[in-house]
Amino acid sequence: MKKTDEFDNRVEIQWCPGCPNYGILNALKGALAELGKSPHEICLVSGIGQAAKLPHYLKCNFFNGLHGRAIPVATGINIANPDLTTIVVTGDGDCYGEGGNHFIHAIRRNPDLTVFVHNNEIYALTKGQASPTTPLGEKRRLKMSGVEIPPINMPAFAIMQDCSFVARGFAGDLKHLQDIMVRSIRHRGMSYVDIIQPCITWGTHPVSWYKERVRRIGDDHNPEDKNSALDIALTKDGFIHTGVLYEVPSGNIFASRFRKEVTSRPLTGLEIQSPEKIHELLLKFKPV
Amino acid sequence: MKKTDEFDNRVEIQWCPGCPNYGILNALKGALAELGKSPHEICLVSGIGQAAKLPHYLKCNFFNGLHGRAIPVATGINIANPDLTTIVVTGDGDCYGEGGNHFIHAIRRNPDLTVFVHNNEIYALTKGQASPTTPLGEKRRLKMSGVEIPPINMPAFAIMQDCSFVARGFAGDLKHLQDIMVRSIRHRGMSYVDIIQPCITWGTHPVSWYKERVRRIGDDHNPEDKNSALDIALTKDGFIHTGVLYEVPSGNIFASRFRKEVTSRPLTGLEIQSPEKIHELLLKFKPV
Amino acid sequence: MDDINVVIAGAAGEGVQTIGDLMTNAVAGQGYSVFSWKEYESRIVGGSNSYSIRIGDGLKNAPLAEADILLALNNKATDKYKGIVKKTGIIISVRKEGDRSIPIPFSSIAKKRFGEEIYANTIAIGALVSALGMDAGSIKEIIRKTFSKKGSDIVSANESAFEEGFSLAGKECVDMCPWKLLRKESGYYVISGNEAIALGAARGNCRFMTAYPMTPSTGIITYLSSVQNQLGIFIEQAEDEISAVNMAIGASYAGIRSMTATSGGGFALMVEGISLAGMTETPLVIVLAQRPGPATGLPTRTAQGDLLFAVHAGHGEFPKMIFAPADPKDAFHKMVRAFNLAEEYQTVAIVISDQFLADSRFSVEDFEVEKTEPYFQKTDTSGVKNYRRYRLTDSGISPRLYPGISEHLVCADSDEHDEYGHITEDLVKTAPDMVKKRIAKLEGLKKSILLPEEIALKDAEVVFTGWGSTRGAILEALGLLKMDGIKAGLIHFTELWPLPEYNFPKDKTYWSIEGNILGQLARLLKGEYDIHFKGHISRHDGLPITADYIRREFYEKNR
Amino acid sequence: MDDINVVIAGAAGEGVQTIGDLMTNAVAGQGYSVFSWKEYESRIVGGSNSYSIRIGDGLKNAPLAEADILLALNNKATDKYKGIVKKTGIIISVRKEGDRSIPIPFSSIAKKRFGEEIYANTIAIGALVSALGMDAGSIKEIIRKTFSKKGSDIVSANESAFEEGFSLAGKECVDMCPWKLLRKESGYYVISGNEAIALGAARGNCRFMTAYPMTPSTGIITYLSSVQNQLGIFIEQAEDEISAVNMAIGASYAGIRSMTATSGGGFALMVEGISLAGMTETPLVIVLAQRPGPATGLPTRTAQGDLLFAVHAGHGEFPKMIFAPADPKDAFHKMVRAFNLAEEYQTVAIVISDQFLADSRFSVEDFEVEKTEPYFQKTDTSGVKNYRRYRLTDSGISPRLYPGISEHLVCADSDEHDEYGHITEDLVKTAPDMVKKRIAKLEGLKKSILLPEEIALKDAEVVFTGWGSTRGAILEALGLLKMDGIKAGLIHFTELWPLPEYNFPKDKTYWSIEGNILGQLARLLKGEYDIHFKGHISRHDGLPITADYIRREFYEKNR
Ligand SMILES: Cc1ncc(C[n+]2csc(CCOP(=O)(O)OP(=O)(O)O)c2C)c(N)n1
Ligand SMILES: Cc1ncc(C[n+]2csc(CCOP(=O)(O)OP(=O)(O)O)c2C)c(N)n1
Ligand code: SF4
Ligand code: SF4
Ligand SMILES: [Mg+2]
Ligand SMILES: [Mg+2]
């Protein structure tokens with residue numbers, strides 16, 4: 001097996017000391033090592049935010065793009081070269097706020113990507129505004145009397161829309177998180193993990209508060225059972241349920257018809273378009 | 001009661017003869033008359049598409065804006081003047097495609113708006129491409145071998161996210177549609193009606209095909225029962241279930257805290273900001 | 001038989017498009033050059049549309065304001081368009097309309113004779129073919145082919161309908177119709193700007209196109225989607241334009257040539273992505289098909305209103321290129337150039353077309369497909385230990401590799417970054433150096449951009465400046481003015497950013513001709529060169545500029 | 001005691017901001033003018049930040065490159081910043097650093113004496129207060145107030161920490177610290193550009209602000225949200241910038257003054273909305289707080305790189321206004337003007353600031369709150385039977401009503417429309433007339449826009465052109481150059497689009513000074529006026545332009 005430190009680099013990390021993002025970074029390195037991947041086989045794609053800085057801290061190819069737009073970029077990469085292990089690293093603001101439209105349509109499109117959402121229920125990099133997952137009543141910058149609109153439940157939406165791998169992880173339970181990551185990266189088709197990642201600088205609660213509220217989903221849950229998965233995702237018992245909620249073999253994977261009918265090779269490997277083909281098509285524009 | 005023809009105007013309608021949009025237009029006029037509204041009390045807001053042309057054909061105030069952006073415009077109007085009956089008229093492409101992010105966040109924000117989505121499962125104005133609601137396998141421009149990605153189920157999402165009024169109407173069952181419209185406009189908070197509106201020019205099926213597949217939801221369904229509403233929305237039995245799926249009293253309506261704490265009057269009616277207030281606040285910037 | 005303009009008018013859905021397309025192909029099939037352009041409203045049925053077919057012996061790729069033959073499918077259309085018919089022209093219409101008209105009540109005859117209104121179109125075609133003095137036999141062949149899938153009954157009914165129209169018009173034509181389109185040996189391609197752009201992209205080795213539908217750009221992806229398997233180009237409809245531009249950037253980063261296309265409003269949504277391509281130095285080709293704005297504007301009409309917006313699109317400072325092809329053949333080659341230069345300079349190339357170029361069908365003698373070749377940057381990394389995606393170089397061009405193809409890691413960043421692609425906050429050296437590196441590419445680019453085309457400059461007293469799709473009309477206007485004794489020339493731009501080193505002759509009087517109200521190219525030129533304009537000929541009513549229009553405006557404004 | 005520059009440096013989260021804010025207030029509270037600016041990295045903890053406080057007798061609202069006093073909270077900060085300390089200056093730092101330094105190991109003393117590192121900041125404040133020769137009593141009072149909520153133990157520990165720092169520094173200071181900040185009677189407002197913009201908007205009767213957070217614009221909505229109930233301004237965080245701009249447009253259409261604010265990337269996303277406001281003729285105010293691009297760029301730094309983008313933002317052609325305030329007082333009034341003119345001309349006003357203006361704290365003697373007044377268009381509709389929202393007028397300005405306020409229907413359309421707001425396809429008259437109507441507003445606007453400010457023009461040989469927040473630094477540079485015997489003047493723009501009628505004096509040598517690499521204002525001026533530039537002084541490293549920098553570059557480029 002590969003070693004985790006193969007993914008180390010010497011870039012200075014800009015997160016606050018003690019931020020749970022460090023744990024997620026390590027879990028990801030662990031998962032990649034466990035999967036036997038090499039840095040050049042991986043491409044991390046991110047937007048902007050604290051989470052979105054992660055690709056800089058892991059030796060790999062990466063594209064650190066615009067706020068909210070990681071998923072389309074990753075989809076494009078996947079089109080060009082499906083042999084790359086392409087992983088989106090994003091935040092709750094990045095993915096569910098600015099990038100909300102791409103996320104919901106990516107689920108339909110089902111590209112062979114893995115999406116990790118560092119969900120800290122806040123816009124951390126911009127210093128503490130509410131995000132789409134901030135619970136009702138929590139105090140956030142611009143909403144100092146408490147947030148008035150309810151959070152979005154994206155895991156539930158994803159299950160409902162038949163995203164074939166939906167999980168929830170916790171940055172305070174790294175072994176479990178690493179397992180989930182391994183499974184999600186192995187999964188063919190779009191896999192999605194919402195990772196609870198307390199922000200210890202701007203957030204309302206310390207990591208310990210979350211630890212008390214996290215419950216691993218029991219073995220009695222069958223991840224192929226959509227109703228039960230949806231039930232767990234919709235449960236509002238004050239607990240955060242972590243584990244794989246939903247996992248079924250992916251149906252149509254993005255671009256599969258094209259790969260079957262035209263070429264199964266990465267498009268990066270195609271020969272240059274022959275001028276003969278162009279002549280051939282042009283001829284159809286010559287009326288006789 | 002008002003008369004429907006109070007809402008007639010003399011603008012030439014640009015829809016194809018026989019398009020079910022005519023029926024929706026009439027149902028809306030009927031509903032507004034039934035509610036006793038006058039033209040100047042109403043503001044229709046739309047984006048771009050065939051559906052989005054509707055405001056031109058009904059005597060009222062309107063803002064016919066950009067493709068996909070009707071909901072934010074309507075939300076802004078609602079902030080300024082909640083006394084207006086503000087109704088969004090949009091299409092499946094407009095609302096679930098280009099405007100998807102606004103729709104999912106509007107549900108959370110819960111402004112006192114009504115949203116009618118003319119769902120023809122196609123981009124009609126641009127001549128027949130697939131929309132986010134086009135069923136798998138249907139042939140559409142750009143996808144002449146059949147659409148490969150599954151449709152989005154927005155009514156289910158809306159129910160899941162506690163949108164307090166979710167219904168489905170059918171342009172081939174206008175009496176029923178008008179009833180639903182009346183109820184939805186009366187509802188306080190965001191109400192949302194997805195209206196099946198076959199496109200007889202570019203669509204795959206004639207109105208009769210839909211007629212065979214539409215089933216009114218029975219009286220045994222309790223619209224306050226969220227689980228049952230979700231069940232119906234998620235049902236894939238080949239039938240289209242019309243009626244009010246979900247209706248509960250709205251929780252926090254958008255801006256209600258501000259209306260309570262600051263002013264319940266429309267902001268359009270406020271006095272001009274007094275310079276004294278400015279002086280008062282400026283003083284806080286004078287260190288002593 | 002040198003220059004005949006046929007205008008077909010009617011409501012949307014009434015057959016204008018069908019008749020126009022069939023006649024265009026039929027006439028072209030006889031060996032004539034044709035130029036067809038459409039004028040239609042943003043609706044699917046109704047309204048009033050027109051389809052003009054200009055028929056020539058040699059190339060005549062520009063719209064004419066006047067018609068030799070008007071075929072009006074309903075009375076409203078007759079009323080609206082009869083004014084454009086020349087004194088020597090004729091009208092074929094439902095009712096009698098003056099001396100020089102051939103009345104044929106298409107629908108009622110169709111209904112009476114063949115039981116269905118649907119045959120009205122074929123009757124009209126028959127009449128037109130007769131008026132043009134064409135050989136009925138070969139056109140009947142086309143009709144047979146067109147309807148062959150519908151069964152022999154339908155075929156023979158259409159044949160009869162054709163003959164009916166042919167003979168009805170034939171009788172009336174006798175003294176009025178001087179035209180005789182005999183079959184010739186030559187042959188032209190007949191192609192729209194959108195189709196040529198699509199094929200040019202394919203020739204440039206584009207492998208991925210994604211777009212969100214928007215008139216008048218949609219034709220590009222529509223055509224490509226119909227040949228995607230043949231060409232091996234992956235096509236994806238995006239959920240919005242923001243996704244489209246970012247998908248294209250992602251695919252390009254990963255190593256395939258990618259593009260998107262849109263119109264003004266969609267382009268506006270792509271602007272942040274343009275800046276991203278500039279910062280990450282990712283090649284990106286965007287086609288911007290203009291229509292009149294602002295906002296939704298006139299969605300099915302034409303304009304040249306987005307030039308300054310495109311040139312300055314994107315926050316921050318970075319190099320980009322702007323092309324504006326003059327016609328389909330030019331568009332074909334410009335696409336190849338756009339892909340080549342976007343790759344060479346690792347930045348954005350915007351190809352600006354407009355509804356007129358996008359939708360009109362032009363004749364092309366020879367595409368010279370081989371004239372422009374796709375070329376590819378080769379980065380030799382043998383011996384490279386320490387690969388740096390953004391290595392500082394004098395040209396500003398860094399070695400570009402693709403992720404996953406080698407052991408070298410390819411790191412792209414939208415933040416200001418160091419040579420490796422990692423975020424930097426070093427304001428002393430790294431950050432300003434990177435700014436300079438990106439801007440340095442402008443130097444090379446300015447040399448790669450083609451100089452404007454100079455026409456009849458030497459003797460000219462009046463010189464017009466133009467850009468893009470108006471070239472054909474302006475050329476024709478030069479001819480008209482020459483007949484009036486005016487020595488006029490043209491400096492025409494089809495590559496317009498960054499503006500190249502160029503000296504405008506000093507002793508001329510300059511006039512700009514543009515499809516916008518502000519004179520956008522003129523403004524750009526004023527900012528860059530030492531040039532003054534005496535006047536601006538501007539069209540901003542949604543219609544294409546014609547030679548006629550230019551002459552009229554020139555006299556009007558020159559008084 | 002006329003001009004002292006104090007620089008506080010350390011890691012993010014270490015207290016630089018806290019110390020800087022407290023000292024700014026303390027010094028200002030003593031009656032001095034202060035000017036503070038921050039320089040920080042895009043991270044929450046760590047890195048290296050600085051906070052400069054310039055203290056003066058009169059207004060000194062510009063950054064200085066050199067420091068009289070450096071307070072360095074850790075050794076890395078000492079290393080990075082010691083170079084900027086003047087020969088006559090001193091360093092207060094953890095370790096001894098040359099002759100003129102006062103070593104105070106803040107953290108270890110804090111830990112030793114008070115059990116917690118947290119008191120290090122208060123020790124540092126004590127030292128600084130001592131070095132500046134300030135009265136300890138009044139500053140202690142501020143410290144008491146600051147910590148009063150935390151209980152008396154904390155208050156007294158902080159008092160002791162303060163005294164500890166005060167006396168430690170006092171001992172070393174003896175020969176090194178000439179400064180004596182005695183309390184004075186005068187008093188200034190100390191305010192950031194963002195806060196002044198927010199209050200200006202309130203003064204302009206803004207009733208709705210919506211934005212998506214984006215550095216450095218966020219301060220505006222953050223401040224307004226803290227006083228929303230007092231002012232009666234509704235605040236909403238949008239799900240993205242596209243929503244923000246469209247919500248603002250909706251609210252404005254419905255009758256309340258509305259605004260949004262963002263930075264380059266978010267502005268890019270709003271561009272389609274800008275075009276919408278132009279077409280529907282809806283007043284809209286957008287604040288664009290610049291930071292270095294392209295793309296994410298340097299998110300916490302400053303630049304003037306988005307001018308040309310902003311001027312040309314939006315597809316199609318329509319009038320818009322661009323303001324670029326020089327300082328907070330100017331920003332306050334510009335906001336009122338932006339709201340007034342956006343309403344008068346029914347279109348978009350963009351107010352361009354930058355990170356330097358947004359975040360720095362400036363002294364203001366008197367805001368003259370009453371000088372600019374919000375004024376409102378009144379539309380008399382008594383007797384109007386047939387209300388037309390887009391009635392054609394010579395000025396291009398049509399009678400604007402709000403929906404629901406009267407029986408008159410207010411119909412707004414993003415398509416080209418007739419006078420009633422209904423979609424038109426009439427290309428003969430309605431469409432081109434509407435284009436002309438909108439563009440006609442430019443005439444009035446050009447007269448409403450203020451002429452540039454002229455400084456020392458008469459005798460000047462060299463004339464600089466500048467815009468926006470660089471005014472303070474350029475003014476100071478004029479002074480430096482004067483001492484060198486160079487006669488320099490300034491033409492400074494704070495309202496820059498549409499450019500007004502203006503004659504640049506002919507006999508001058510022009511240089512542009514801008515926080516960008518391409519000389520964007522210079523390009524704009526070249527396109528509009530008859531002006532040539534001898535050179536461009538450009539800063540593009542993310543830092544604000546200083547007088548020093550201007551002088552150095554001027555000599556460098558003038559050799
Ligand atoms: C178009 C655009 N809008 C806004 C921003 C500013 N911005 C950067 S990160 C961020 C929020 C990040 O929140 P999240 O994704 O939850 O990441 P976190 O910092 O919490 O990990 C915002 C609003 C931006 N960079 N680009
Ligand atoms: C930004 C932008 N992108 C694309 C378009 C082109 N466009 C106009 S309507 C439309 C689709 C409309 O589909 P839908 O909302 O379902 O309306 P329908 O015509 O089917 O009623 C599109 C893509 C546009 N006007 N603006
Ligand atoms: S601000 Fe919060 S999320 Fe960001 S690095 Fe610090 S602790 Fe982590
Ligand atoms: S194209 Fe379809 S949706 Fe549009 S008007 Fe015609 S029938 Fe109706
Ligand atoms: Mg977050
Ligand atoms: Mg539709």
Side-chain angles (χ1 to χ4, degrees), chain C residues 41-42 47 242 263-269 271-276 278-280 290 292-299 301 303 305-306 308-309 311-318 413-416 423 425 427-428 431-432 435-436 438-439 516-518 520 523-524 526-528 540-543, chain D residues 41-42 47 242 263-269 271-276 278-280 290 292-299 301 303 305-306 308-309 311-318 413-416 423 425 427-428 431-432 435-436 438-439 516-518 520 523-524 526-528 540-543:
Chain C
E41 297 180 5
S42 179
I242 302 176
S263 185
F267 184 81
L269 292 166
V271 166
E272 196 192 12
I274 289 173
S275 184
L276 174 67
M279 185 57 143
T280 56
Q290 299 166 109
T296 310
L298 292 163
R301 310 297 179 160
D306 298 338
L308 288 172
F309 175 38
V311 166
H312 301 102
H315 55 295
E317 301 177 284
F318 56 93
D413 189 11
S414 75
D415 297 88
E416 195 55 273
I423 298 181
E425 297 255 9
L427 305 187
V428 177
V435 172
K436 276 185 240 148
R438 287 187 296 268
I439 294 297
N516 57 52
I517 191 166
L518 295 172
Q520 300 197 17
R523 282 182 180 235
L524 213 54
K526 272 179 67 189
E528 203 74 15
H540 50 85
D541 57 2
L543 292 170
Chain D
E41 297 180 3
S42 179
I242 302 176
S263 185
F267 184 80
L269 293 167
V271 167
E272 196 192 12
I274 289 173
S275 184
L276 175 66
M279 185 56 143
T280 57
Q290 299 167 108
T296 311
L298 292 162
R301 311 296 180 161
D306 298 338
L308 288 172
F309 176 37
V311 166
H312 301 103
H315 55 295
E317 302 177 283
F318 56 95
D413 188 12
S414 75
D415 298 88
E416 195 55 273
I423 298 180
E425 298 254 10
L427 305 188
V428 177
V435 172
K436 276 186 240 145
R438 288 187 296 268
I439 294 298
N516 57 51
I517 191 166
L518 295 172
Q520 300 195 17
R523 282 181 181 234
L524 213 54
K526 271 179 68 188
E528 201 74 15
H540 51 85
D541 58 3
L543 293 170

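Chain letters run A, B, ... following the sequence lines, proteins first and then strands; every chain starts at 1.
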Heavy-atom pairs under 4.5 Å with chain C - which of [options] has more of them than the others?
options	answer
D/H315, D/E272, D/M279, D/R438	D/H315
D/S275, D/G316, D/P294	D/P294
D/T296, D/V435, D/L524	D/T296
D/V428, D/V311, D/D306	D/D306

Contact origin within D/I242 toward chain C - heavy atom pairs under 4.5 Å
side chain

If one checks every heavy atom of D/I439 against chain C at 4.5 Å, the contacting part turns out to be side chain

Where on [X] is there a heavy atom nearer than 4.5 Å to chain D: the side chain, the backbone, both, or neither?
X	result
C/L308	both
C/I423	neither
C/Q520	side chain
C/A303	neither

Are D/R301 and C/E425 close enough, and set up right, to give a side-chain contact (heavy atoms from CB on, under 4.5 Å), and what steps lead you there?
CA-CA 9 Å; D/R301 311 296 180 161; C/E425 297 255 9; 2.9 Å; yes

Which residue out of [options] racks up the most heavy-atom pairs below 4.5 Å with chain D?
options	result
C/S263, C/A268, C/P299, C/G297	C/G297
C/G305, C/G293, C/A295, C/G314	C/A295
C/V271, C/D541, C/L276, C/D415	C/D415
C/G266, C/G542, C/P432	C/P432
C/E317, C/E41, C/Q290, C/K526	C/E317

Note, C/E528 side chain near D/R523 side chain (heavy atom, < 4.5 Å):
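A side-chain contact under 4.5 Å exists here.
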
When rounded to the nearest 0.5 angstrom, what distance separates CZ in D/F318 from CD1 in C/I517?
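Separation between the atoms: 14.0 Å.
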
